[in-house]
Amino acid sequence: MNHISAKPAPVETEALTLMLGDRVLLDRASLRVERGEVLAFTGGAGSGKTALLAALAGQPPAGVDVAGGIRVDGHLLIAQGGRLAPRRPLALQVAEVVGHHLGLDLRLALRRTADGLDRMGVPAAARRFDLPPEQLPDSLRWACLFAMAVAVGPAVLLADAPAAGLDPTVRLRLLHRLADWARADGVALILAGRPEDGVAGPADHVLSLRRGRLLAPKPPRTAPLTPLEPPGASRLHARSVGMSYPLSPGPKGEARTLAVLHGIDLDLRTGETLALLGETGSAKATLARSLLCLPPPTAGAVVWMGRDLMAASAPPATGEDADNSGPDHVGLRRARRDLQPLFPDPAASFDPAMTIGAQFDLALESLRPDIAADRRDHRIDEALEEAGLRPEAALRWPAALTVAEAAHAGLARAILPEPRVLIADEPAASLSAEERETFLDTLMAVRDRRRLSLVLATDRYDEGLRDAHRGIVMLAGRVVESADAETLRTAPLHPYSRAMLAASRGERPALEGDAPSAFGQPTGCPLRRRCPLAREFCAQAVPALEEVAPGHHVACHYWDTPAEG
Amino acid sequence: MAEFDQPPLSHPVPPEPPRAGLARQLSGAAVLAALALACAAAPLMADGSAVHRLDADPVAAALLDGRGSLSFALLAAVLGGALGIGWALLAGLLGNLVGNRVERRVIGAAHRMAGWPLALLVPLAGGLMGKVWLLALVTAMTAAPAVAALAHAELSALLRAEFLTAARAAGLAEGEVLRRHLIPNLTRPLLAAGTLALPRVLAAESFASLLGLGLPPALGSWGASVGLAGRLGDPVAFAPPALLLALALWAACAIADGMAAGNRTP
Ligand code: SF4
């Protein structure tokens, strides 16, 4: 039963119900999307977004029953991940779709795609679409898919998890461009994605799919759970920490290296939370691992409570020495106990051949020899409970844990030896939506209860700063801005920090183009090819970190100059 | 009416995926075991006088041949698997002690050699050297590069595993990491790489015997019988050894594939 009004909207549903077996994915939803309107669905993994989008496209996935009325005008669906053949030239695949929809031959279809790429802001120099998708950066792949949609010009565009996996600043730029096109050309645009994917940013309306209903989204927590306590004295120092990797020797046999981290200085105080903010290639993870000396950095010094960790973790000069009871080794073990890591892929950080409990036991035995063997089980149970798991989790094998459980188990392992500092490298990266919030809340509760210092590396600007005292914004292995969290959240000065802030709020970041690869860094300021303030001088000198206000450092030649025109 | 007040299944628990390749691996192993049993029991089937194979009925003769083929294949596969695994471990060790370049060279050689038609060496060796154990050694060496390449890939993937970093963060010394984490996780993938040798040596030996340059006639071999029956143009004598050989090859491949697939981390 179609309710067609005088001027039908391109998308209308009437009591649309989706069932997967006897589970209700969507319960009697009535939707209406007008021309030029942008609607976003958000929902955690498995909430039914994909099924809803596929049902709107008239291709409900197998096993999903559809009831109720759907009317969708000529539509185009961009499926999750783009669904491209990995080995065929991208241009060919896209042009085929365009040609098929418009009845054009390949040449005309390619030309229309090129027009679409203009609207997506892809410079002609970056177009290497004769390559297969697996050899292209993700951002170009997505830009090309969006350009395909623009070229086809459907009445309705459905995009499932568009631009997922891209860095926030790049993702939001593309999504905003897509939304601009939809508004200008009167296309009804429906985006679906996980809440942290940023699809809500450019949308006019956002609906969150929860328990089979489309509801207004819950605003994320913006303030710390409990007020942050002022930090104490400084304990962990990193001085001019640098990391470079050896490359294969050059044509004349000279040794070559690739420097990814350039002389970082950092201090961490007791009870302080420091957010390391940066996107792919910023080397925030390398910095986090350097602080742990896993592996030790290739330059500089890391000092924990007056002890130089790099000297301690250097392999003993006399080759194999099995007794490992030298003074350095004892010192290192002591530091290992105090500094504990959280890994970005918690499931992979557990040995698949041992139960969780056995691994915890081993860690305790190594780090806390002072705890008697029969007390260890009790300790393990306590740590698991504090991390939000049941003590029975100790009996399970890593493969039997869900992703969220693995993340919590990772936290439990980290607090097991009663450390003083947690160094977390994107600890929630594998989690979505509510699981992510639960995990971060648990982490903060643990931190507050134990008065831990925390280094939190993340590419989610707002979320990282919300629970932090201080933040460091990193770009291409350098610190570009450091300040207290409040300043960074309200008035960042560096163009890159501003772009990350805008992206995290769903606004349009003022940066063009994609991040350069580690091998193709521009001379001078690493941001200069994307920066709205860039001038000629930016190519000549790497800007140094200068203090612009007490405790606020910025590395930019023109941070105080407003953007031109 | 369905209930929808259940918690949202974020990350829906997928039905436990059956381990990839397990069915194939099991059926391969079952077939091979049955073949081996049948071959071992073959002398009982042929009445005592008919140990001269040419007089026996063709099926019993083929089963008798299987004893030679299968036991030789087993011997050569164990040798080849061990050689290949040793090669990979040596490369890893050299990489640790001397430098990555040496490791890359050593394993690069294995990759290149795995692409060569090494199986041609087996009939050559069979023609030149009469000794069975020498032939087994040569056959094993033809299978070793492929084993070494796979074993090294598994080894280096494991050495990059995050849980080793986690173990170091727990203050374990390198020796402990090796003993507690590396070795228990290495056995399975290395065994899987080792089984790769089985189909290769079986095929190489059959090929050589087919040309008449393989196992000495006293031992008996499917390849030799197929070759002989082919030359005599005797379809009744041809079919049983050919079928059994095909079955054994399929089973060996199934085991090797299944091991490798089940071992691959998703
Ligand atoms: S130094 Fe130049 S290119 Fe770099 S951020 Fe500042 S204005 Fe932009």
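Just the heavy atoms: all of them, side chains too, but no hydrogens, waters or symmetry mates, feed the values below. Quick caveat: nothing in here was measured; it's all calculated off a predicted structure.
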Practice problem: Any chance you could measure Glu176(B), atom CD, to Leu362(A), atom CG, to the nearest 0.5 Å? | Solution: 7.0 Å
Quiz item: With Leu83(B), which residues qualify under side chain to side chain contact (heavy atoms under 4.5 Å, CB included), at least two apart?
Solution: Ala140(B), Met141(B), Ala144(B)
Practice problem: Specify the closest pair of heavy atoms between Leu172(B) and Ser366(A), including all atoms of both residues, with the distance to one decimal. | Solution: CD2-CB, 3.5 Å
Quiz item: Should we count CZ of Arg256(A) as having more than 12 external heavy atoms under 6.0 Å?
Solution: yes
Quiz item: Got a donor-acceptor contact below 3.5 angstrom from the Ser349(A) side chain to the Ala166(B) backbone?
Solution: no
Practice problem: Measure Arg337(A) against the heavy atoms of chain B and call it side chain, backbone, both or neither at under 4.5 Å. | Solution: neither
Quiz item: Minimum heavy-atom separation for Met354(A) to His181(B), with atom names?
Solution: SD-CE1, 3.7 Å
Quiz prompt | Between Pro398(A), Ala348(A), Ala363(A), the one whose heavy-atom pairs under 4.5 Å with chain B are most numerous | solution = Ala348(A)
Quiz prompt | Nearest-0.5 Å distance that lies between atom CZ in Arg168(B) and atom CZ in Arg336(A) | solution = 9.5 Å
Quiz prompt | Heavy-atom pair with the smallest gap, counting every atom of Phe163(B) and Phe350(A) | solution = CB-C, 3.6 Å
Quiz item: Nearest heavy-atom pair of Leu367(A) and Ala169(B): which atoms, and what distance?
Solution: CD1-O, 4.2 Å
Quiz item: Of all heavy-atom pairs between Arg289(A) and Thr165(B), which one has the smallest distance, and what is that distance?
Solution: NH1-CG2, 4.2 Å
